[in-house]
Amino acid sequence: MSVAPETVWEPKIIGFFCNWCSYAGADLAGVSRINYPPTVRIIRVPCSSRINPYLVLRAFQHGADGVLISG
Amino acid sequence: MPRIGVFVCWCGSNIGGVIDCPKLATDAVNLPGVVYSTEYKYMCSEPGQNSIIQAIRDHRLDRVVVASCSPRLHEETFRKTLARAGLNPYLLEMANIREHCTWVHNKEPEKAQAKSLALVSRAVAKANLLEPLFPSSIPMTKRCLVIGGGIAGIQTALDVADAGHEVILVEREPTIGGNMVKLDKTFPTLDCSACISTPKMVAVSTHPNITLYTYSEVAGVDGYIGNFEVTIRCKVSYVDHTKCTGCGDCQAKCPTKVSNEFNLGLDTRKAIYIPFPQAVPNKPVIDAANCRYFTTGKCKICQKICAAGAIDYEQQETIITEKVGAIVVATGYQLFDWAAAYGEYGYGRFPDVVTGMHFERLVNAAGPTGGKILRPSDQTEPKTVVFVKCVGSRDPAKGKEYCSRACCMYTAKHAHQVLEKVPGAKVYIFYIDVRTPGKAYEEFYQRTISDGAVYVRGRVSKIYQLGDKLVVRGSDTLLGRPVEVEADMVVLASAMVSSGGIEDVARMVSVQVDKDGWLQEAHPKLRPVETHTGGVFLAGTCQGPKDIPDTVAQASAAASKVSGLLFREELATDPMISTVNQAICTGCGLCVPVCPYQAVELKTITERIPGHAPRERTVASVNSGLCQGCGACNVACRPGAIQVKGFSNDELVAEVDAICL
């Protein structure tokens, strides 16, 4: 794998966020216009206890560089 | 193959000003399953919603993706739109391209465009797998349990009962009334606390819809919204209240005197006692720990004197079971144990260092001094009184981090009462800040200053006894110099903390306790009296410190929520809960202990396979009334038999695959 010197590598991060707390927190970040890198993408789950280890591995398999679990 | 329609919302310039919405709509057409895609300025508006309905009909859409704001804001709106178009409302998926994209990536529109498409393709991938869901219904028991008979519980019980529902009010003390009935006057109007609370207590005891259990505790709660089963333990009073007339002869003749907790130990009561003359019910209980008969085996004076024959030394504890549909927790507060934490104020060794509640009893016409302000040590009138605010409040090192809210105002009231009742009195108030948010509160505070109260900004560092005086040493942080006052009495505005045993109640009704020990509401602003457990509501200071007006307002709010619930014949449950595929469930039971709501249990089913004898097998079963759809069981399930509808394994995997692209 080669990275062109002029491009800055940004990790692709998949977030699994609990609907009741951190998903609402991400909404609040939006309302507050708090900028963060656009490579962060969020999947809504009903609770952090719904996150299966398989989903985390699946994200890595499909090209995620990091997984953020928040709940 | 599903026929998915994608609807991209501009949200005015919120989304449309950052990304190219028409391009997003065009790109979305290429996603698998999408047969139609469009954009509009405001999708949630009437014309926007109508365009969705029209497109569902024109293009025979059976799944809808709306790319707009957060589903937490408009999921319900668009579900209703689908229902209006004749589609199952759960065939909707939203892509949050406003809060999670254009609002936070407005400086990088190109990357925002790419992320929007990823978010839409995630939603489309999930939409492909969505299935219609149908709410089930559970019956409603039209009765309400209120735990706690303070002003919050009283107000809730009266409001629910007035709405026509049966109420069961449980209070652990021998009388209802709580903390409020101990108070003298109430700020800012200075009306007498007893005059406004005792009529409500009487109203509770005479209301045909209210069943009152005093001297009783909730011992267990089973069931779920609409169908709770509550176990109530009635403590032994040794007095048959059906026979007792409340004449008070037993109390007058009882030879044993013990410290009176209603007056916070400022005087004594008898071993058989009615807590105070206006108690409801106005009937005595025997304090067995101090009763001469129970401790020495001889006495029985109360039994001999009782004309009604109500004294029953053989009485046993009774357990009562009641069915209710809703529960309101109104367990109130107690005062912070300052003596254990504040060594510099004497650890409670100095009798004339008292709390605000002691002062309430001292200044109360029905209190131990008949309303004369007399200091406890020598019953003389204090000429110099020092008030110390924030004792245990706003002090994370020794007490609590939070502000107890009511102390600034009651201290102002106490100062006013000293200046009014004691001629020539001097009043000093040590404070950190003066907080008077409330109708007519600031005016009251200003009046106290003009009465002559001296406000000193600073904490008190030391209180010690010098002769018959208390020396209060502190600092005036506005003048930047130390202050020393020789006082006759010191009143501490100690913090409000949640009442003892709150953890047990919280566990029974499955409500969270927050970091400060208060019960956690569902949302601090928008759902202040609800909890995350369906059918359980909060009223008053069990949720956090508040004064009487706020407590009463919250109690009425809880009552209106309960009434709204109890007016329904049956309840529609959220269909996004766990479901068991019995065919592949192995009955291992791993899902049972992980459920925080006790919603999963094992049951035995009989399988009938043609050609085989009927066979019994254990499988998991989900109680739809208890399940909150968290999905912990889904993760624990090895064969994948238990799945959360709307968040199934297949759906989430499809989402991961799509969003990673």
Side-chain angles (χ1 to χ4, degrees), chain A residues 1 3-71, chain B residues 14 69-73 75 93-94 96-116 118-119 122 126 522-523 532 574 576-578 594-596 628-637 640 644 646-649 652-661:
Chain A
M1 202 170 93
V3 177
E6 68 273 15
T7 59
V8 181
W9 178 75
E10 277 187 285
K12 182 187 283 183
I13 294 170
I14 305 300
F16 291 98
F17 281 23
C18 163
N19 177 50
W20 306 104
C21 55
S22 40
Y23 191 89
D27 282 359
L28 185 61
V31 173
S32 319
R33 310 295 197 276
I34 298 168
N35 279 248
Y36 55 84
T39 46
V40 178
R41 289 162 191 186
I42 295 162
I43 292 173
R44 183 165 69 134
V45 288
C47 170
S48 49
S49 71
R50 174 64 193 89
I51 303 156
N52 201 319
Y54 177 68
L55 296 172
V56 178
L57 296 177
R58 185 87 175 189
F60 284 125
Q61 278 178 340
H62 283 251
D65 299 300
V67 170
L68 174 60
I69 291 174
S70 184
Chain B
N14 285 307
C69 52
S70 172
R72 290 176 58 88
L73 188 66
E75 196 167 47
E93 184 60 26
M94 289 183 75
N96 186 348
I97 60 168
R98 190 179 75 172
E99 281 86 342
H100 290 192
C101 190
T102 56
W103 272 357
V104 285
H105 311 313
N106 52 349
K107 296 188 183 77
E108 299 169 282
E110 279 178 26
K111 286 178 176 171
Q113 183 84 30
K115 179 172 173 177
S116 300
L119 295 179
R122 179 208 63 80
K126 185 172 183 181
H523 189 282
H532 281 303
D574 185 350
M576 297 175 89
I577 57 171
S578 289
V594 298
C595 178
Q628 302 286 317
C630 73
C633 53
N634 195 333
V635 175
C637 182
V644 184
F647 290 99
S648 69
N649 288 345
L652 282 170
V653 167
E655 286 180 74
V656 171
D657 292 357
I659 209 167
C660 285
L661 288 175

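Since we're looking at a predicted model, the values are computed, not measured. In what follows, every chain begins at residue 1, and chains take the letters A, B, ... in the order their sequences are listed.
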Looking at side-chain heavy atoms only, is the closest gap between A:Ile43 and B:Leu652 below 4.5 Å? yes
How long is the gap from CH2 on A:Trp20 to CZ on B:Arg72, to the nearest 0.5 Å? 6.5 Å
Residue part contacting chain A, namely of B:Ser648, when any heavy atom lies under 4.5 Å: backbone
Using a strict 4.0 Å threshold on nitrogen-to-oxygen distance, state whether B:Glu99 and A:Arg33 make a salt bridge. no
Closest contact, heavy atoms only, A:Arg41 versus B:Ala118: NH1-CB, 3.4 Å
Within-4.5 Å side-chain heavy-atom neighbours: A:Phe17 and B:His100: no
For the CD1 atom of B:Ile659 and the CD1 atom of A:Ile42, what is their distance to the nearest 0.5 Å? 8.0 Å
Working to the nearest 0.5 Å, report the span between SG of B:Cys637 and CG of A:Asn52. 10.0 Å
Below 4.5 Å, heavy-atom pairs only: which of A:Ala26, A:Pro53, A:Cys18, A:Ala64 has the largest tally toward chain B? A:Ala26
Just verifying a value: how many Å separate A:Leu55 CG and B:Asp657 CG, rounded to the nearest 0.5 Å? 9.5 Å
In this structure, CZ of A:Phe60 is separated from SG of B:Cys660 (nearest 0.5 Å) by 9.5 Å
Specify the closest pair of heavy atoms between B:Val104 and A:Gly30, including all atoms of both residues, with the distance to one decimal. CG1-CA, 3.7 Å
Can you confirm whether B:Pro71 sits close enough to A:Tyr23 that some side-chain heavy atom of one is under 4.5 Å from a side-chain heavy atom of the other? yes
Which atoms of A:Ile51 are under 4.5 Å from chain B, going by heavy atoms: the side chain, the backbone, both sets, or neither? backbone
One thing to verify: whether A:Glu10 and B:Lys111 come together as a salt bridge, which I'm taking to mean a side-chain N less than 4.0 angstrom from a carboxylate O. yes
Which bit of B:Glu655 is near chain A, if near means a heavy-atom gap under 4.5 Å: side chain, backbone, both or neither? both
Just wondering, more than 12 heavy atoms not from B:Glu110 lying within 6.0 Å of its CD? no
Of all heavy-atom pairs between A:Pro38 and B:Lys115, which one has the smallest distance, and what is that distance? O-CD, 3.3 Å
Option in B:Cys633, B:Cys630, B:Pro596, B:Ala112 with maximal non-hydrogen atom pairs under 4.5 Å from chain A: B:Cys630
Is the shortest side-chain heavy-atom distance between B:Asn106 and A:Asn35 below 4.5 Å? yes
Going by distance alone, is a donor N or O of one side chain under 3.5 Å from an acceptor N or O of the other, for B:Asn96 and A:Asp27? yes
Proximity breakdown for B:Asn649 and chain A, heavy-atom pairs closer than 4.5 Å: both
Could you give me the CA-CA distance, side-chain angles and deciding distance for A:Tyr54 and B:Val653, then say whether side chain to side chain contact (heavy atoms under 4.5 Å, CB included) is met? CA-CA 9 Å; A:Tyr54 177 68; B:Val653 167; 3.6 Å; yes
A:Arg50 side chain to B:Phe647 main-chain N or O, any donor-acceptor pair under 3.5 Å? yes
Among A:Cys47, A:Gly63, A:Ser49, the residue with the most heavy-atom pairs under 4.5 Å to chain B is A:Ser49
